[in-house]
Amino acid sequence: MGTGAGWFGMSEILKKGFREYGLQEIFWCVSAENERAVRFYRKHDFREISEKEVPAEIRARYEEANDFLWFVATGETLE
């Protein structure tokens, strides 16, 4: 903790998605009970969105899961 490894890993994942795969947006969810992860995403200003803003094909993978918070990053996130 406190070494910057979490941010390094997250930024590398996002770079790969945007640069190597040409993605325009990357969505992910986290349990609202995972306070540490939620704090990390909010601290780094990832945009928190409502479930309704997540494309249906992505939401469908998580139909049975409840109490998730959703986040999205765009290519500008790392700039």
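None of the values given here were measured: they were computed from a predicted structure.
For W28 and Y62, the distance between ring centers is not under 6.0 angstrom.
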Would E53 and R47 count as a side chain to side chain contact (heavy atoms under 4.5 Å, CB included) here? Give the steps. CA-CA 11 Å; E53 295 176 81; R47 190 163 64 94; 3.7 Å; yes

Show the numbers, then the answer: is there a side chain to side chain contact (heavy atoms under 4.5 Å, CB included) between S31 and F68? CA-CA 5 Å; S31 169; F68 274 157; 4.1 Å; yes

One pair to check against side chain to side chain contact (heavy atoms under 4.5 Å, CB included): V30 and F71. What are the steps and the verdict? CA-CA 8 Å; V30 63; F71 293 86; 3.8 Å; yes

Worked verdict on R42 versus E35 for salt bridge (Lys or Arg N to Asp or Glu O under 4.0 Å): CA-CA 10 Å; R42 288 176 175 163; E35 295 173 8; over 6 Å; no

Candidate pair E48 and W70, rule side chain to side chain contact (heavy atoms under 4.5 Å, CB included), full reasoning: CA-CA 6 Å; E48 192 169 347; W70 287 89; over 6 Å; no

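Put simply, CD on E57 and CZ on R59 are 9.0 Å apart, with the number rounded to the nearest 0.5 Å. Taking SG of C29 as the start and CD1 of I49 as the end, the distance is 10.0 Å to the nearest 0.5 Å. Here CZ of R36 is found 11.0 Å from NZ of K43. Values are rounded to the nearest 0.5 Å. Distance CZ/F27 to CD/E51: 12.5 Å, rounded to 0.5 Å.
A distance-only check finds no donor-acceptor pair linking the side chain of E20 to the backbone of G17 [under 3.5 Å].
For the pair A73 and L14, the tightest heavy-atom approach, listed with the atom from each and the gap, is CB-CD2, 4.0 Å. For Y41 against M10, the heavy-atom pair with the smallest separation is CE2-CE, 3.9 Å.
Between F40 and F46, the ring planes are tilted. Angles from 30° to 60° get that label.
No chain of hydrophobic side-chain contacts below 4.5 Å, direct or via other Ile, Leu, Val, Met, Phe, Trp or Tyr residues, connects I13 to L69.
For the side-chain contact (heavy atoms from CB on, under 4.5 Å) with E25, the qualifying choice from T74, V54, I58 is T74, the only one to do so.
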